**Student:** 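Take this structure, written in structure tokens, and hold onto it; I'll ask about it next.
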Number of protein chains: 2
Amino acid sequence: MALEHDHPINPQRVAATRRRVLSAQDGEQVADTLRLLGDPVRARIVSALREAGELCVGDLALVLDVSDSSVSHALRLLRTAGVVRNRRDGRVIYYRLAPDAVAPRVLDALTPPPVPGERER
Amino acid sequence: MALEHDHPINPQRVAATRRRVLSAQDGEQVADTLRLLGDPVRARIVSALREAGELCVGDLALVLDVSDSSVSHALRLLRTAGVVRNRRDGRVIYYRLAPDAVAPRVLDALTPPPVPGERER
DNA sequence: ATACTATTCGTACGGTTGCAGAGATGTCCA
DNA sequence: TGGACATCTCTGCAACCGTACGAATAGTAT
């Protein structure tokens, strides 16, 4: 029951990977972003804004067939995270994707490994 | 208190977007994948496997500086979702990324809009 | 028997959503 | 103009549910 052993099976691979792996801190940030988009409503809001350019809360709710409240809650999180921006036009508030909605680092974390020939070291 | 109104502010934009937006069903799938990777341990496991090629549970725990239990829990989810695969070598089980770890559709959902000139319609 | 990993169980935590009410803005009409 | 009313959106609250993680136990191979 070595639930907490301390000597690697492959020491050099561990050491090499340790240096290049996403740090705990960066891992948090990447995970935060992915978790934010890991909700059907929020993911579909991003999709809708990508297609429409900009939409107001009520129309987003109609497009997605969910409640205004749910959309509003979701938009607040997206706005706080800088994924979307808004502009007011009378009593209507239009939302659009921020230019750099998803940080490149996040996409890097999802794309396949560099080259299927080089490995450790 | 129109928390559930029924006529769009921009009917044609709503109709057009409705047709192209991520469906509720696809939205679920995309969100599932993103939520799966939206955890620091799991995101860093993917990162580590991307760098190292393959690693066993214990070494992954050392690389990430988390408990074996946590890694094992995380790997089960990743394995079930088809993100990683494993091979047994004696009593050690090595994990590696699946070829199509992250579905292209998921990446599409994150990449910026097509062209910053065309909009609706 | 030992080493490595998987599973089960319990628990604590956080997140999503609906509801109700408040804020903000525009419209209408005397 | 002023003031009521309608429309759109936001927020706080609470309930419900899922999920992550540790501990203990079981499985698998040498």
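If you're wondering where the values come from, they're calculated on a predicted model, not measured in any experiment. Here is the naming used below: chain letters follow the sequence lines, and residue numbers restart at 1 for every chain.
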**Student:** Students often get this wrong, so: under 4.0 angstrom with heavy atoms, is B/Arg76 touching a base, only sugar-phosphate, or nothing?
**Tutor:**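 Here B/Arg76 touches the bases of the nucleic acid.
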**Student:** D/dA20 P sits how many Å from B/His73 NE2, rounded?
**Tutor:** 10 Å
**Student:** From CG of B/Leu75 over to P of D/dC21, roughly how many Å is that when rounded to an integer?
**Tutor:**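 It is 12 Å, rounded to the nearest whole Å.
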**Student:** Base, sugar-phosphate or nothing for A/Ser72? Non-hydrogen atoms, less than 4.0 Å.
**Tutor:** base
**Student:** What is the distance, to the nearest angstrom, from the CG atom on B/Asp68 to the C1' atom on C/dT7?
**Tutor:** 15 Å
**Student:** Would you mind writing out the side-chain donor-acceptor pairs for residues 26-39 of chain B within the sub-3.5 Å range, not counting sequence neighbours?
**Tutor:**
unit_1: B/Asp32; atom_1: OD1; unit_2: B/Arg35; atom_2: NH2; d: 2.8
unit_1: B/Thr33; atom_1: OG1; unit_2: B/Gln29; atom_2: O; d: 3.3
unit_1: B/Arg35; atom_1: NE; unit_2: A/Gly38; atom_2: O; d: 3.0
unit_1: B/Asp39; atom_1: OD2; unit_2: B/Val41; atom_2: N; d: 3.0
unit_1: B/Asp39; atom_1: OD2; unit_2: B/Arg42; atom_2: N; d: 3.1

**Student:** Check DNA chain C against residues 80-90 of chain A and give the residues with a non-hydrogen atom under 4.0 Å, in numerical order.
**Tutor:** A/Arg88, A/Gly90
**Student:** Side chain of B/Arg91 only, heavy atoms from C-beta on: which candidate in D/dA29, C/dT16, D/dC21 is closest?
**Tutor:**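 Nearest nucleotide to the side chain: D/dA29.
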**Student:** Taking the side chain as every heavy atom from C-beta outward, state whether B/Arg19 and A/Glu51 have any pair of such atoms under 4.5 Å apart.
**Tutor:** no
**Student:** Given side-chain contact (heavy atoms from CB on, under 4.5 Å), test B/Leu75 with B/Leu60 step by step and report yes or no.
**Tutor:** CA-CA 10 Å; B/Leu75 283 173; B/Leu60 264 172; 4.0 Å; yes
**Student:** Starting at CG of B/Leu77 and ending at C1' of D/dC21, how long is that distance when rounded to a whole Å?
**Tutor:** 12 Å
**Student:** OP1, OP2 of D/dT19 versus side-chain N and O of B/Arg35: anything below 4.0 Å?
**Tutor:** yes
**Student:** How long is the line joining OH of A/Tyr94 and P of C/dA24, in whole Å?
**Tutor:** 20 Å
**Student:** Judged by atom type as modelled, is there a donor-acceptor pair below 3.5 Å linking the side chain of B/Asp89 to the main-chain atoms of B/Tyr94?
**Tutor:**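 Not confirmed, B/Asp89 side chain does not pair with B/Tyr94 backbone.
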**Student:** By nearest nucleotide on DNA chain D, pick out whichever of A/Tyr95 and B/Val41 is the more 5' one.
**Tutor:**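 With A/Tyr95 and B/Val41 compared, the 5'-side residue is A/Tyr95.
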**Student:** What is the distance from CD of A/Glu54 to P of D/dT9, rounded to the nearest Å?
**Tutor:**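 Those two atoms, CD and P, are 12 Å apart.
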**Student:** Calculate the interatomic distance between A/Glu28 atom CD and C/dG14 atom P; express it in whole Å.
**Tutor:** 13 Å
**Student:** Is the closest side-chain heavy-atom distance between B/Arg79 and B/Asn86 below 4.5 Å?
**Tutor:**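 Yes; the side chains approach each other to less than 4.5 Å.
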**Student:** If the cut-off is 4.0 Å, is A/Ser69 near the phosphate of C/dG18, judged by side-chain N/O to OP1 or OP2?
**Tutor:**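 False: A/Ser69 side-chain N/O out of range (4.0 Å or more) of C/dG18 OP1/OP2.
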**Student:** Using atom CZ of A/Arg79 as one end and atom C1' of D/dC10 as the other, report the distance to the nearest whole Å.
**Tutor:** 8 Å
**Student:** Quick one: does any side-chain atom of B/Arg20 pair with a main-chain N or O of A/Ala52 as donor and acceptor, under 3.5 Å?
**Tutor:**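 Answer holds: no.
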**Student:** Do the side chain of A/Arg85 and the main chain of A/Pro99 share a donor and acceptor less than 3.5 angstrom apart?
**Tutor:**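 Here the side-chain-to-backbone pair does not exist.
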